There are 2 protein chains.
Amino acid sequence: MRRLNLKKGEIIQRPGDLNSKVYHVVRGLLRSYTIDAKGKEHIFMFGPEGWVVADNSPVEVPVDLFIDALEDTIVRVVEKDLAKETPNVAPLMRRISVLQKRVILLMSASAIERYEHFEQTYPDILQRVPQKMIASYLGMTPEALSKVKRNRLRKK
Amino acid sequence: MRRLNLKKGEIIQRPGDLNSKVYHVVRGLLRSYTIDAKGKEHIFMFGPEGWVVADNSPVEVPVDLFIDALEDTIVRVVEKDLAKETPNVAPLMRRISVLQKRVILLMSASAIERYEHFEQTYPDILQRVPQKMIASYLGMTPEALSKVKRNRLRKK
DNA sequence: ACTATACATTAACCTAGATTAAGAAATGTA
DNA sequence: TACATTTCTTAATCTAGGTTAATGTATAGT
């Protein structure tokens, strides 16, 4: 069970990589993301201390996410097949539950609603990453997020 | 491990239900969905034979999805905490992987692209459910889906 | 402290998809 | 067969959010 010290900006996984690992964040902040056909970046998740970041695909298929460090970060690296032998079901169920909520939000909620949900759910991360990344995570442009926040202020 | 015979249209789980179960579809077709604040229905997943349908939340928290039968359906019902003791990690990972793809599609793909992805991934289900349900699953209105298909034909 | 680069905001304009409403097909049911 | 109900399509209109581009404001590196 290796440890790894990452400098801000370091990329530790790229789409296409085989035998990807599972990363337990000890300190710092990871993120996973894709880049689509038009070259646009879409953040899939943020991983602050205590979180587990991984591309949950079967061991043998290539991953489709980048993972990099948004701050200087320390991670514990676990081989994916090894992780399978210590089957900790609870965190997997939690992840599914979170993803379920995210899908439903993406399908049914407006930009403002999605932002306010994020605000309540991850107030910490809001402070730690640039707003354009929040926008990317929420599936909107930085300009749209800017507009949304301004309109909310006007109403109060 | 009970068995259950459902008639088309039967609802077996409602938002707020506690101690929800895990449903293994033996024959037929289930679906899970929410109804949002504006009364609009959003289909979260379809569960044809061989699939497992459940609201993957911790046992003790109330679920937030409806589950009903789109066809006459036979299911095997498993208690959730029991399912936890037979920790079958592989299907959970698969589900996460599918949800990951879905989130990324919702964030980055247009209506047409989402539809074509569905067509390729679940050609079977496309035949079995009304189009408005496909639209709901894809996060768009039936009208939008209709338009999308027409425009695609024009181009060919 | 100076410059460069990344980030945030604003505004004008545009477009995908929502909404509304009506009619046409299909499907179910007596 | 006829009638009702649900589903699908079309068209007109509207709007949230995307795009582009300019300006302002931090932040970082030397």
Side-chain angles (χ1 to χ4, degrees), chain A residues 7-11 29 31 33 35-43 46 68-72 104-119 125-155, chain B residues 7-10 29 31 33 35-43 46 68-72 104-119 125-156:
Chain A
K7 288 204 306 280
K8 178 173 174 170
E10 259 187 83
I11 298 180
L29 183 57
R31 104 183 134 150
Y33 63 101
I35 298 186
D36 70 20
K38 293 133 225 152
K40 250 176 82 174
E41 205 175 282
H42 302 275
I43 296 182
F46 297 108
D68 68 1
L70 295 182
E71 303 171 354
D72 294 351
I104 290 168
L105 273 177
L106 282 171
M107 289 201 300
S108 66
S110 67
I112 320 95
E113 290 168 329
R114 298 203 304 279
Y115 176 71
E116 294 188 332
H117 178 269
F118 188 94
E119 231 180 356
I125 289 171
L126 205 64
Q127 306 309 120
R128 288 163 77 180
V129 311
Q131 227 160 86
K132 62 166 194 170
M133 288 191 186
I134 309 288
S136 167
Y137 178 92
L138 296 174
M140 68 186 85
T141 60
E143 292 86 350
L145 180 48
S146 207
K147 197 195 280 188
V148 151
K149 289 176 71 184
R150 168 163 35 111
N151 288 337
R152 195 175 53 153
L153 282 180
R154 280 202 311 102
K155 281 178 193 158
Chain B
K7 288 205 305 284
K8 176 171 177 172
E10 259 188 83
L29 182 58
R31 105 185 133 150
Y33 63 101
I35 297 184
D36 70 21
K38 292 132 226 152
K40 249 176 84 175
E41 203 175 285
H42 301 276
I43 296 182
F46 297 108
D68 69 0
L70 295 183
E71 303 171 355
D72 293 352
I104 290 169
L105 272 177
L106 282 171
M107 291 201 299
S108 66
S110 66
I112 320 96
E113 289 168 330
R114 300 206 301 283
Y115 175 71
E116 294 187 333
H117 178 268
F118 188 94
E119 228 181 358
I125 289 171
L126 205 65
Q127 305 309 119
R128 288 165 75 180
V129 310
Q131 226 160 88
K132 62 167 195 170
M133 289 194 185
I134 308 287
S136 168
Y137 178 92
L138 295 174
M140 69 184 84
T141 61
E143 293 86 351
L145 180 49
S146 205
K147 196 197 279 188
V148 149
K149 288 175 72 186
R150 167 164 35 113
N151 287 337
R152 194 175 54 152
L153 282 180
R154 280 205 308 101
K155 281 178 192 155
K156 288 186 176 163

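Owing to the predicted nature of the structure, the values given are computational and were not obtained by experimental measurement. The chains referred to below are lettered A, B, ... by the order of the sequence lines, with proteins before strands, and numbering in each begins at 1.
Straight-line distance from the NZ atom of A:Lys38 to the C1' atom of D:dG18: 12 Å, rounded to whole Å. Atom CG of A:Leu126 and atom P of C:dA8 are 11 Å apart (whole Å). To the nearest angstrom, C1' of D:dG18 lies 17 Å from NZ of A:Lys132. A:Asn151 has its CG atom 10 Å from the P atom of D:dG17, to the nearest Å. Atom P of nucleotide D:dG17 and atom NZ of A:Lys149 are separated by 16 Å, given to the nearest angstrom. Between the P atom of D:dG18 and the CG atom of A:Asp36 lies a distance of 13 Å, rounded to the nearest Å. Distance CD1 (A:Ile134) to P (C:dC7): 13 Å, rounded to an integer number of Å.
Residues B:Ile125 and B:Arg31 have side chains not in contact (no heavy-atom distance under 4.5 Å, counting atoms from C-beta outward). Residues B:Arg114 and B:His117 have side chains not in contact (no heavy-atom distance under 4.5 Å, counting atoms from C-beta outward). Counting heavy atoms from C-beta outward, B:Arg128 and B:Phe46 have side chains that stay 4.5 Å or more apart. The shortest distance between side-chain heavy atoms of A:Lys147 and A:Met140 does not fall below 4.5 Å.
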Next item on the list: Go through B:Leu106 and B:Ile104 one step at a time and tell me if the side chain to side chain contact (heavy atoms under 4.5 Å, CB included) criterion holds.
Entry: CA-CA 5 Å; B:Leu106 282 171; B:Ile104 290 169; over 6 Å; no
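Taken to the nearest 0.5 Å, the CG atom of A:Leu105 stands 11.0 Å off from the CG atom of B:Asp36. Rounding to the nearest 0.5 angstrom, the gap separating the NZ atom in B:Lys8 from the CG atom in B:Asp68 is 11.0 Å.
B:Asp72 places no side-chain N or O within donor-acceptor distance of the main-chain N or O of B:Lys7, the cut-off being under 3.5 Å.
When heavy atoms are screened at a 4.0 angstrom cut-off, A:Pro142 is found touching no nucleic acid atom at all.
Here the closest heavy-atom approach between residue B:Ile43 and residue A:Met107 is recorded as O-CE, 3.4 Å.
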Check: When every nucleotide of nucleotides 11-30 of chain C is labelled 5' to 3' by its protein contacts under 4.0 Å (heavy atoms), B for base, S for sugar-phosphate only, - for none, what sequence of letters results?
Finding: ------BBBBB---------
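Comparing the helix axis at one end of the helix from C:dA1-D:dT30 to C:dA30-D:dT1 with that at the other, each defined from 5 consecutive pairs, gives an inter-axis angle of 50° (nearest 10°).
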